[in-house]
Each structure stands twice: as structure tokens, then as C-alpha cells.
Amino acid sequence: MPNIKVSTGSPSSSSQISSPPPVDFLYSTPPSITRVLTYTSPFVHFFSYFLSLVTWSTGNPSESCLLVAAWWTICLYPTEIIIYGTHILLLVWIGWKWVEKGKSEKLGKPSSASKSTSQLDLNRTVSEIHTISDKLTSFHALINLIRSNVDWTNSSQTQKVVRGLIYSYPIWLVLTYFVSLTWIFIILGTFGLVWHSPWFKFTRYILIKSPIFHGIMDLICVYVCGGNLSQQGERGGFSVRAFGTLISKAKEQQKKLAGKKDNNNKDENKTCTDLIFRFVIYENQRWWLGLDWTTNLFLNERPAWSDEYNEPTNPKSSFELPPTTTISETPEDSNVLIKKTMEWKWENSDWWIDYDGDVDNDGWQYADNRWNNLSSKSGFRKYTRRRKWVRTARLIETIEKIDKSDESKDDEDQQDQQDQQNQENKQNQKITEISEDFETKENNNKPPPYSLSLNSSNSSDNKSKSLPLISRKANGKFDSESISFTVSSEKEN
């Protein structure tokens, strides 16, 4: 499993199933998980609704009855549906999208709004996944029971299953001879669809308590499980477990090959910008006598600006996107480092008002003193109101593949260059110190460039005096020269 380092952004209708707490997908969840939830949310919504229809838990039994009627229609007229219904369904879907586009343009929504997702949508998807998991628990238990009876975990049970299949094979042939497969699928599918209906549950309860039904089931069990066919499972030399092990090994090998292929074909730099997130904030106000509508609210109620869960958030003027996040992953190849950088950028230039729902011309929804009974009409007993502001942002994910071997070589080269530069600096510093020391000693020992000495041969009262000048030649030798100059002396008054 790869190592990951991160450095620093409507519940189910069944009341018996608990919903998970809201998740902050921008700050506590990796963008890859957010992207997967966004991609699969339509399928999750559809499958959750389908399970609600099958389990008759939508609150409206007529919807489940329509599902049974649709099953009969599909089984009885599959050819007609494929020939005549395919184009009609596509045209209806395209027309519906055209109507939605016109409605969005009329409400002033940008084109990216329909493709974006919000925190509430993602939490709804997580809640539906939680509901699906709870509803599939009994189905998974049934699958495990069937698997335990056919994988030779319990040899006696597996032998009974083999015996039952052999005894029921003639009955199956006779049944398919007189009854078409279409009606067999209709009957089996209908039993599966109405299994959880209230009236069918009552029918099952009556049959289980009936002694006649128990007698019939006992006769069937004696017919199916009777006899002695204990050697049937050993003659063919076929093992279901061995076959399953072979399949699992083949899948593992296929995953390894796919992983190597992905690593070889992965681009060094890749940018992904397909995730569009919809940020939603609410502007909340309260009406006060003499003050009209203001943002002065009670301390125990929602703040002036809140999110979809009535939690405090920044106003739209100071709302900030999540910070840039960097994730470093180490795949199976230890010499490769994958660096992912996630950065958010606004898709729209400014916030816009969402006019969906029961709102007035300015987008306000009015409620009573406890924020209940929301409607578009203000008036008597309407003391609170809220307005929905929406803005979309795009996640820009940059994936960079770094080769650790090349990086280590570059680091070594840089280190060598730095060491060489340090050595050169030290040598230059020593040379400078030596030259400075030499110049200091030389300056202390050499005589001044010009020194004058009095020539004693001249009398002191002469106005013109000749003085020997000790001069330093260019060759470094010192010679004595005599130059004459006139010293002017003034008599003291």
C-alpha cells in the first residue's frame, strides 16, 4: 500500500437507519476521495432509490408497484422497447436538459452550476452509501450462506446441494418445456420485488405457521436430500475451492501487470481540472420593530452568515477558498515519488443568488420566529428570512512524477559543487590574510618616501640651502640625491 503524506480543503427516508455525521470534504478528505464521490453520486442516488423501491421503504407503496409493472413490461416486450423506446428515451432526456438549461438561464445561473457539487450533495452521497451498506447486510449474509454450502467448507451440506441439483434437474427440464423462460423470469422477479412488501410478509407468516406447508416442505426435503450420493463430489476430481484459488491468483497477477503498465505509462506532469465544487452560504436576517430587517440575531440562533448546516462561515466579501495542499505518495517503485498539488480557483467572477425553490424576486425565504415554515411571502408572523448565495470553484490538481535516483544525483552534484566552492573560498581567504600580513610588515619597515637632511656645508644665514633628498627608486634601491631649493625666511619684526 502506498505511503501518503499530506502537508498544509438528504438523508435516507428510512428512519430506522442512522445517518453518519457531516464530513468536511474540503479540509479533512483527500481530493481523490471527493472526486470519486462526485463521479459516482448519480449511480449511488439511483441504486439507493432502487433499494428503497425493492424494500418498499419509500413511504409510497405505489412507486414499488410501478417497479413491478415495469419489470413485467420489460420481460414481455423487450424487443419493442429496444427498437421503439431507445430513441424516444434519448429524445426525452435531451429535451429535459434543454428545459433545465432554459430555466437556469432565466434564473441567471452560470453554466457551471449544473455540473458542480456542494458539501450537502457529498454528505447526502455518504449518507446513502451508509444506507446501502445497512440494507445489503442481509443480502450479504444470504450470499455467505450459499457460498458456505457450495465451497466444501461443510462436506455434508455441499453433498446435499449436489444431490438436490441432480434430483431437480429433470423437474427443471419438464418445467422449461411447458413454461417459457420469459414467464419464469417474470415470476421469479416478481417474487423478489414483492418479497419485502407488507402483504407478502403477512402471507409468508401465515405459510410458516401452517402445518400443511410444513408437511409439503418436509416431503421436498426428503426427496431432495434422501439417497446415498456421498461419492458424487469426489469422482470428478473437481474442487470449487481450487478453482476459486486459481481465479484469485489470476486476478492478483492481472493487478500487478496493470500496476506496472500504469507506472510505465504515467506522465511525469499531469493536470486535472474536472472537479467543480459549489460553495453555498446563507445570508440570515431578523426583523425588528423600528429597525426593519437587520443582521442582529439572537445569540442562541444561527449566525448572520452560515453554511448549509447553519454553522458560522465568513461573509461572501471575505470568503476564502481552501489553501493549496501538497500530497506526496510513494508507489510500489521506491525510486519514484509522486507529488500532487491541489489548488482551488474560482470558476465564477462573483457570488450569485439561487432562485430555486419558494423564494421572492430578491431570493429571500421568510420564516417564523423559529426559522420554520419557509415561504416566499413576508408579512404577519414572518420575523426571519434567509437568502442563498452560490459560487463555484474548480480544483486544479497537478501531478508530478519525480525520479528519486535523478534527484539524488542532482543533490550529490550540488553538494560537490558547494564543497568545491567552500574550499576555494577558504584558499582565497588564506591568501588574503597572508598578503595583508606581508603588506603590514613592509609598511612598518620601509622609510618614508622622502626625507630631508640639513647640509652642514651651508651657512645658516644663507637664504638658499641645499638639502640631500633620500629617494626610493622604482627598482627598490635607495639613493641620495642633492636638490636645491630656496627656503624663504622672513625676518621677525
Using salt bridge (Lys or Arg N to Asp or Glu O under 4.0 Å), reason through Arg278 and Asp121 one step at a time and then give a plain yes or no. CA-CA 9 Å; Arg278 185 172 67 252; Asp121 295 335; 2.7 Å; yes
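- Checked by atom type, the side-chain pair Asn284/Ser306 shows a donor-acceptor distance below 3.5 Å.
- Note on Glu100 versus Lys103: no salt bridge recorded, every NZ/NE/NH1/NH2 to OD/OE distance being 4.0 Å or above.
- Partner of Trp293 under the ring-ring contact (aromatic ring centres under 6.0 Å, His included) criterion, out of Tyr366, Tyr383, Trp288: Tyr366 alone.
- The aromatic rings of Trp305 and Trp389 sit tilted, their planes meeting at an angle between 30° and 60°.
- Shortest non-hydrogen contact noted between Thr176 and Leu181 is CG2-CD2, 4.2 Å.
- Looking at Ser376 and Asp358, their side chains do bring a donor and an acceptor atom within 3.5 Å of each other.
- No side-chain donor-acceptor contact under 3.5 Å links Thr398 and Lys339.
- Between Phe279 and Phe319, the ring planes are perpendicular. Angles over 60° get that label, and only those under 30° would be called parallel.
- Side chain of Ser168 to backbone of Gly164: a donor-acceptor contact under 3.5 angstrom is found.
- Although no hydrogens or angles enter the test, the distance criterion places no donor-acceptor pair under 3.5 Å between the side chain of Ser318 and the main chain of Asn314.
- Remark: side-chain polar atoms of Ser148 are paired, donor with acceptor, to backbone N or O of Leu145 under 3.5 angstrom.
- Side-chain atoms of Ser57 and Thr55 form a donor-acceptor pair, as typed in the model, at a separation below 3.5 Å.
- Between Arg286 and Glu301 there is a salt bridge, since a side-chain N of the basic residue sits under 4.0 Å from a carboxylate O of the acidic one.
- Proximity of the aromatic rings of Phe200 and Trp195 is defined here by a centroid distance below 6.0 angstrom, and this criterion is met.
- With hydrogens and angles disregarded, no donor-acceptor distance shorter than 3.5 Å links the side chain of Ser127 to the backbone of Arg124.
- With hydrogens and angles ignored, the 3.5 Å screen pairs a side-chain donor or acceptor of Asp360 with a backbone N or O of Gly363.
- No donor-acceptor contact under 3.5 angstrom links the side chains of Lys340 and Thr325, judged on distance only.
- A distance below 6.0 Å separates the ring centres of Trp346 and Trp351.
- Under the 6.0 Å distance and 45° angle rule, Arg302 counts as a cation-pi partner of Trp371.
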